[in-house]
Amino acid sequence: MDDLKHFRQVDSITPGHPESHDTPGVEVTTGPLGQGFSNAVGLAMAQAHTAAVFNKPGFNLITNHTYCIFGDGCSMEGIASEAASTAGHLQLGNLICIYDDNHISIDGDTACAFTEDVLKRFEAYGWHTQWVKDGDHDLEGIAAALEKAREVKDRPSVIKVTTTIGFGSKLQGTGGVHGNPLKADDCLAVKKKFGFDPEQSFVVPSEVYDLYHKHANEGAAKEQEWNQLLERYGQEYKSEHADLTRRLTGDLPEGWEKNLPTYKLSDPAVASRKLSEIVLTKIHQAIPELLGGSADLTGSNLTRWKDAVDFQPPSTKLGDWTGRYIRYGVREHAMIAIMNGLAAYGTIIPYGGTFLNFVSYAAGAVRLASLSRVRIIIVATHDSIGLGEDGPTHQPIETLAHFRALPNMMVWRPADGNETSAAYYAALTNKHTPSILALSRQNLPQLEGSTIEGAIKGGYVVHEAENADITLVSTGSEVGICVDAVKYLKEQHQITARVVSIPCFEVFDAQPKEYRLKCLPDGIPSLSVEVMSTLGWERYAHEQFGLNRFGASGPYKDVYKKFEFTPEGISKRAIATVDFYKGVKPRSPINRAFQQLI
C-alpha cells in the first residue's frame, strides 16, 4: 500500500453517508451516487496540477494516487460517465477506481435494468482495465491488481472486483441485505463463519488494534519524513514553499484585492459577464491557485484570460499539467462535482462557467458543494430573459429562487462593475461557502451609488431620497432600470422613490438587523423588481414584480418591453403600491414578528 503522501481515499465507513467536515478521515461528502466518483476525478486533477507546479528535482513532494470505490449504482448515474470520460481524456494515471461488481441495486438484481459491460465502456473512455473475478476470496489478486494499476502512468485505472453482497449471511447475493440489519440468528452465523465469538458484540480483537496502531506509527514516521523534505524544500525553493504552505491554510495572498477593478458613473455600460472576465484578468496572477474552466461555453462565459494555458496532458500538445484552464466539455454536472474535488484537495480554488439555466443540470453537485463547505465559484452567465433570442429553453425563471433557498450558498447577481468585483471578493474570501455568480449577457450601466464596500454587505442603498414614498428593491440588470424609474416617477407623477440593490440574499441576511432596516426602513412600502420568479422576495418587499411564467424569444429589449420591465412598467406598479398603502405606514418586512434566519 502507498504511504501517506501517496494515498487519498474517497470514502469512509461512517454512520449514514460520509460528510467531510463531520468525520475525521473523510475527504469529501458523497451520498448521491456518482458524486464521490466525480470528486475523485477532481482530486486526481488537483494532484496532477499541484505536482507540476511544486515538484522539483530531488523534491517529489506531491506524489499521491487517488483511490475510489464505486458500485453498480454509481456506474448507472450519468454524472459518473461524464467524469470518467473527462478522466480518460486527461490521462490521469494517478487515479485508481475499484468497481464493486456485486450485481445488486435497491430494486434487486441489476439484470432488471443494468446489463452493459462496464469495463468495455471504461476501455472506450481510455482507461486501463482489470478484472478480479473472485473478490470474496482472492485478496492476493486484488492486491496484485492495485500494484499493477499503480504502474500505469498514462491513463486512469479501473479494477472490476466481482463480489457477493452480504457475503457469509443468509441474505447474501440479494437486495435484502443492502439496507437492512441482519436478524439475530444470521448475525450469530456470520460471526461463527468468520471466526468471531458469537456471544460478543461490538468487540474489536486486540490483533486488529495492534495492526492499526502499527500502521499509524508507520504513517507518523512517513509524515515526519515528508515534513523534513518540505523543510529542506523551503531552504532551496523559498517562494514555492511559501506559496504551497499558504495555500494549505486557505489564506489568499496578501494584497490581492488591490487588483479588483473599480468603476465610476461615467464609465461605459458593460455586460456583467464581461466585467467578470475583467476581474479574472486582473486577479489571476495575484491568486495563482485560481483554476478556471467552462462546460464548452468559454466564448460565451468569458472565463478564460487571454494568456491562459490549458490544463491538458502534455502528450496532447494542447497544454500541460501546470495549465490553469480546464476544458470540461458539455458536462455541467461532472464539472461542478469535479470542482468540489479540486477544492477538497486544499491547494486550488476552482471556478467553472456555464449558462445560469444549466446550473440546474448540476444541482446535485451544487447542493453537495454547500454541504461540503468547499470554496468553489460557479460563473453562471446569460442570467435572464436578457439573453434574448435563445428563448424560454435558456432563460432562467425559477433558478435563482432554487439556489437562494440552498443553505450555505452565496448567489450573487451583480448590477454593475463594482458589484461584480464585490461578488468575487466575497466568493474568494469565504473559505467554506461556495458561490454562484449570475451574470448578464446584455450591457449594464455603471451606477452612481454603487461601491464594493456597500455591495459586499449583500445589499445597500443605491439611490437615497428624503421623504421617499416607496423603496424599489432589485438585483442585477433591473437595478439600473429602477434608477431610471426614479426619474420617471418624480417627473411624471411627483412620487419620490429610493432604490436598494440586494446582489446576494445570503450575505444581506447575515448583516445586523439595524443595517438591514436602514436599507429597508419602516414606514415606506417596498416593491421588488426582478425578471425571475418572485418566490422569496416577500421577505424584503411588500409587493413583488417579477416573472412567474416562462420567457419569450426575441431581441432582449423587445422581451423586456413585452413583460414591462421598463421605467414605465416599473413606475406603473410603484404607483399602484403607493396608492394601496396610502395613509398606512407599513412595517418593514425585516421587522416581521418572526423571521427565522439561522
Side-chain angles (χ1 to χ4, degrees), residues 34 77-79 81-82 85-86 271-274 276-277 293-303 327-339 351-367 369 377-406 409 411-414 435-444 474-478 481 529-537 544-566 569:
E77 285 286 0
I79 183 175
S81 297
E82 293 180 22
S85 174
T86 302
S272 55
R273 62 170 177 160
K274 181 66 177 178
S276 166
E277 180 188 43
S294 171
D296 198 52
L297 288 168
T298 298
S300 295
N301 300 147
L302 303 181
T303 39
R327 307 285 184 167
Y328 287 102
V330 189
R331 305 183 184 103
E332 293 90 352
H333 200 179
M335 175 178 74
I336 294 177
I338 287 170
M339 286 163 58
Y351 71 87
T354 186
F355 288 174
L356 176 59
N357 202 47
F358 300 145
V359 179
S360 296
Y361 268 2
V366 175
R367 188 175 188 273
I377 303 171
I378 301 167
V379 180
T381 68
H382 296 62
D383 72 336
S384 74
I385 59 171
L387 63 84
E389 287 84 352
D390 275 338
T393 60
H394 285 51
Q395 293 167 346
I397 299 295
E398 79 294 346
T399 313
L400 290 187
H402 173 190
F403 291 115
R404 283 169 176 162
L406 184 59
M409 171 59 69
V411 178
W412 288 88
R413 189 171 184 245
S435 302
I436 297 173
L437 275 55
L439 305 170
S440 73
R441 180 178 184 266
Q442 75 272 31
N443 289 340
L444 306 181
S474 187
T475 74
S477 47
E478 290 75 70
I481 304 174
V529 181
E530 188 178 56
V531 290
M532 311 276 179
S533 166
T534 58
L535 186 66
W537 275 105
Q544 296 85 41
F545 176 33
L547 202 58
N548 293 311
R549 53 151 289 175
F550 291 114
S553 178
Y556 87 89
K557 290 183 179 179
D558 293 346
V559 178
Y560 265 71
K561 187 175 181 180
K562 171 182 172 64
F563 295 115
E564 297 189 339
F565 286 93
T566 61

Self-check item: ring pair (Phe, Tyr, Trp, His ring centres under 6.0 Å) against F565, all qualifying residues, sequence neighbours excluded
Solution: F545

Practice problem: Give a yes or no on whether the backbone of K561 and the side-chain of T566 come within a donor-acceptor separation of less than 3.5 Å. | Solution: no

Quiz item: Has the side chain of S85 got a donor or acceptor atom that lies under 3.5 Å from a matching backbone atom of S81?
Solution: no

Residues which pass salt bridge (charged side-chain N to carboxylate O under 4.0 Å, His left out) with [X], listed by chain and number, not counting sequence neighbours:
X    : value
E478 : R413
R404 : E530
R441 : none

Please report the shortest heavy-atom distance between [X] and [Y], naming the atom on each side.
X    : Y    : answer
F403 : M409 : O-CG, 3.9 Å
I436 : A380 : CG2-CB, 4.0 Å
Y560 : V531 : OH-CG2, 3.7 Å
A438 : L356 : CB-CD2, 4.0 Å
Q442 : S384 : NE2-OG, 4.3 Å
S477 : L444 : CB-CD2, 3.4 Å

Any residue meeting side chain to side chain contact (heavy atoms under 4.5 Å, CB included) with [X], in chain and number order, not counting sequence neighbours:
X    : result
L297 : S294, S300, N301, T354, F355
L302 : R273, K274, E277
A365 : Q35, H333, I336, A337, N340
N548 : S533, T534

Quiz item: Should W412 and I377 be marked as a side-chain contact (heavy atoms from CB on, under 4.5 Å) after you check the CA-CA gap, both sets of side-chain angles, and the distance that decides it?
Solution: CA-CA 10 Å; W412 288 88; I377 303 171; over 6 Å; no

Output the distance between atom [atom1] ([X]) and atom [atom2] ([Y]), rounded to the nearest 0.5 Å.
X    : Y    : atom1 : atom2 : answer
Q544 : M532 : CD    : CE    : 15.5 Å
H382 : F358 : NE2   : CZ    : 10.0 Å
N357 : L387 : CG    : CG    : 8.5 Å
R327 : M335 : CZ    : CE    : 13.5 Å
I338 : T86  : CD1   : OG1   : 4.5 Å

Quiz item: Heavy-atom count around Y361 OH within 6.0 Å, excluding the residue itself: above 12?
Solution: no

Practice problem: Apply side chain to side chain donor-acceptor pair (under 3.5 Å) to S440 and list each qualifying residue two or more places apart in sequence or on a separate chain. | Solution: S272

Quiz item: Stepwise, does the side-chain contact (heavy atoms from CB on, under 4.5 Å) test hold for L439 with T381?
Solution: CA-CA 4 Å; L439 305 170; T381 68; 4.3 Å; yes

What side-chain donor-acceptor pairs closer than 3.5 Å can you find for residues 388-399, not counting sequence neighbours?
from: Q395; atom 1: OE1; to: A552; atom 2: N; distance (Å): 3.0
from: Q395; atom 1: NE2; to: G388; atom 2: O; distance (Å): 3.1
from: Q395; atom 1: NE2; to: A552; atom 2: O; distance (Å): 2.8

Exercise. Take V366 and I378 through the side-chain contact (heavy atoms from CB on, under 4.5 Å) test and state the conclusion after the steps.
Key: CA-CA 9 Å; V366 175; I378 301 167; 3.9 Å; yes

